[in-house]
*Asks:* 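Shown below is the structure under consideration.
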There are 2 protein chains.
Amino acid sequence: MQKPRASYRRESAEDRKRQLAEAALRCIQRNGHAGVSVRQIAAEAGVTQGLITHHFGEVNELVAYAFELMAADIQSGIAAAIAEADDTPAARMDACIEASFSPDIFDQSTLGVWIVFWSLVLHSPKMSAAQQRDNGIYVNRMESLISDLAEAEGFRVANPRLAAIQFAAMFDGLWLNWCLNPASFSPEDGIALCRNWVEGLRRGAYA
Amino acid sequence: MQKPRASYRRESAEDRKRQLAEAALRCIQRNGHAGVSVRQIAAEAGVTQGLITHHFGEVNELVAYAFELMAADIQSGIAAAIAEADDTPAARMDACIEASFSPDIFDQSTLGVWIVFWSLVLHSPKMSAAQQRDNGIYVNRMESLISDLAEAEGFRVANPRLAAIQFAAMFDGLWLNWCLNPASFSPEDGIALCRNWVEGLRRGAYA
DNA sequence: GCGGCTGCTATACGACTTTATAATAAAGGC
DNA sequence: GCCTTTATTATAAAGTCGTATAGCAGCCGC
């Protein structure tokens, strides 16, 4: 009376982990927190539950892995845009701003997943560690952009680190608010607002 | 073999709903999303599970109610601080900033709950409606503060509504980031950063 | 073409979840 | 002091959750 065993493809651990993580992202995108479930994710990936245990031990590990994957994607998107820009601090700063509001990132289903991740950070050490890593990279980049711009254009920023934290927080806040209420402003508005913020830097508001 | 029925106090619907909501907040504070559970909340409130069904029908309703309660608290705290300030636009703006970083609001356990709420908004119509109401009030206030300040001090802000949205998003972003990583900056830093942002306004960065 | 490694399936178990329903007792009106 | 109202308890039913375990089967080396 047993179910006949299903046929399957054997995959490398790395590939499979990625597949599972991507399935997890789709589940969270669709169902929010409710999507964080071994069964749902396994079904989405077209495998059985045991496979998640096998590769990750526990679900939190999988979720943290998915987070890191997504964070790396976002980071590399922004980094690439900056690298492609003209090699002036102003152009690089602007490229960062534009990339942050590009459809790849500034997308409701992407950000919806991101918000769920945030809510997990406080209660999962793995997630917390991953978030701190990611945020550190993020803020460091912002700090460089700000410092370089200040030096190139000859204005002063008293504490570039703090300014960078604010800049990063502003992005997060705009992402969050737009995701929760997309009608309130457009991506172009977001870009304009961030440029204004930089203009404030130039005019010595942070000196 | 039945359990002897426990004695209890009868309370007005309003009081009981508030008690349940407060218990829910404590549970979420303690356990994040896992705290959103009829059983946990009922235990925390010292009542049986059925009572939640009785008063709210389903859990989401209770959570939304708790959200509104907490949102109203935060709003009234900030509103009170503004009302107590000197009646100049600059003083009122500053009071708003300081209140936003006061220990009542800028508190990890408070913000931790808040983040969980955010993550629920996208998947719960009730929560979404409540969030939009709350956010609307919030942004409106910011817009008034900005417009009044601009008029009083004679600088120009091209789009006060958008500026207000950014200001609000900046608060959210700073709350979020500090909550996830309290070591990165202090409340005083947050206040200084927001003042700098206002200084940017004054210097015409948003004209 | 034949073993062996291990990725993978299938299944079971126990704890926990929400929601529904009937019974009970507390409190207010009279 | 009784009677009604209804807030509240107790309990059940049905489902989902995560984790563990046993063994099959795809693939690699030979």
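Labels below follow one simple rule: chain letters A, B, ... track the order of the sequence lines, proteins then strands, and each chain is numbered from 1.
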*Asks:* Which whole-number value in Å describes the distance from B:Glu58 CD to C:dT19 P?
*Replies:*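 So the CD-P distance, B:Glu58 to C:dT19, works out to 6 Å.
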*Asks:* Whole-Å distance between C:dT19 P and B:Glu61 CD?
*Replies:*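 Rounded to the whole Å, the gap is 11 Å.
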*Asks:* Output the rounded distance in Å from CD1 (B:Ile41) to P (C:dT19).
*Replies:*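 Nearest whole value for this atom pair: 11 Å.
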*Asks:* Would you say A:His55 places a side-chain N or O within less than 4.0 Å of OP1 or OP2 belonging to C:dC8?
*Replies:*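 Checking A:His55 against C:dC8: at least one side-chain N or O falls below 4.0 Å of OP1 or OP2.
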*Asks:* Relative to the 5' end of DNA chain D, which residue comes earlier, A:Tyr8 or A:Gln49, by the nucleotide with the nearest heavy atom?
*Replies:*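 With A:Tyr8 and A:Gln49 compared, the 5'-side residue is A:Gln49.
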*Asks:* Compare the minimum distances between each of C:dT6, C:dT9, D:dG18 and the side chain of A:Val59, then state the nucleotide with the smallest one.
*Replies:*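 The closest nucleotide is D:dG18.
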*Asks:* Side chains of A:Asp86 and A:Thr88: do they bring a donor and an acceptor to under 3.5 Å?
*Replies:*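 There is no such pair between these side chains.
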*Asks:* Where each residue is assigned the nucleotide of DNA chain C containing its nearest heavy atom, which of A:Ser7 and B:Gly50 is assigned the position nearer the 5′ end?
*Replies:*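 The answer here is A:Ser7.
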*Asks:* Is any side-chain N or O of A:Arg16 closer than 4.0 Å to OP1 or OP2 of C:dC8?
*Replies:*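 Affirmative; the distance criterion is met.
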*Asks:* From the set C:dT9, D:dG18, D:dC27, return the single nucleotide nearest to any side-chain atom of A:Val47.
*Replies:*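 Nucleotide nearest to A:Val47's side chain: C:dT9.
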*Asks:* For B:Gln19 and B:Arg16, test the side chains for any donor-to-acceptor distance below 3.5 angstrom and give the result as yes or no.
*Replies:*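 Yes - a donor-acceptor pair under 3.5 Å links their side chains.
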*Asks:* Does OP1 or OP2 of C:dC8 have a side-chain N or O of A:His54 closer than 4.0 Å?
*Replies:*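 Answer is no, no contact under 4.0 Å.
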*Asks:* Any N or O donor-acceptor pair linking the side chain of A:Arg39 to the base of D:dG18 at under 3.5 Å?
*Replies:*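 Yes.
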*Asks:* In whole angstrom, what separates A:Glu11's CD from D:dC28's P?
*Replies:*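 Distance, rounded to whole Å: 12 Å.
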*Asks:* Does a side chain donor of either B:Glu199 or A:Tyr206 reach within less than 3.5 Å of an acceptor in the other side chain?
*Replies:*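 Judged by distance alone, the side chains do not pair up.
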*Asks:* How long is the line joining CD1 of A:Ile52 and C1' of C:dT9, in whole Å?
*Replies:*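 From A:Ile52 CD1 to C:dT9 C1': 13 Å.
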*Asks:* Taking the six-membered ring for Trp, are B:Phe171 and B:Phe101 parallel (under 30°), tilted (30 to 60°) or perpendicular (over 60°)?
*Replies:*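 Because their plane-to-plane angle lies in the 30° to 60° range, the rings of B:Phe171 and B:Phe101 count as tilted.
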*Asks:* Would you say A:Arg30 and A:Gln40 are linked by a side-chain donor-acceptor pair, where the criterion is simply a distance under 3.5 Å?
*Replies:*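 No pair is found: no donor N or O on one side chain lies under 3.5 Å from an acceptor on the other.
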*Asks:* Nearest-nucleotide wise, let me know which of A:Leu51 and B:Ala34 is further upstream toward the 5' end of DNA chain C.
*Replies:*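 In this pair, the answer is A:Leu51.
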*Asks:* Within the pair A:Thr48 and C:dT11, is there a side-chain N or O less than 4.0 Å away from OP1 or OP2?
*Replies:*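 For C:dT11, OP1/OP2 do not have a side-chain N/O of A:Thr48 under 4.0 Å.
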*Asks:* Has the side chain of B:Arg9 got a donor or acceptor atom sitting under 3.5 Å from an opposite partner on the base of D:dT8?
*Replies:*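 Side chain to base: no pair present.
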*Asks:* Could you tell me the separation between the CG atom of A:Asp15 and the P atom of D:dG26, rounded to a whole number of Å?
*Replies:*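 It works out to 19 Å between those atoms.
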*Asks:* Send over the distance from A:Leu20 CG to C:dG7 C1', rounded to a whole Å.
*Replies:*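 Result: 12 Å.
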*Asks:* It should be established whether A:Ser37 places a side-chain nitrogen or oxygen under 4.0 Å from OP1 or OP2 of nucleotide D:dC17.
*Replies:*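 Answer yes for this pair, as a side-chain N or O of A:Ser37 is under 4.0 Å from OP1 or OP2.
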*Asks:* If you check the A:Gln40 side chain, which of D:dC17, D:dT19, D:dC27 turns out closest?
*Replies:*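 The answer is D:dC17, which lies nearest to the side chain.
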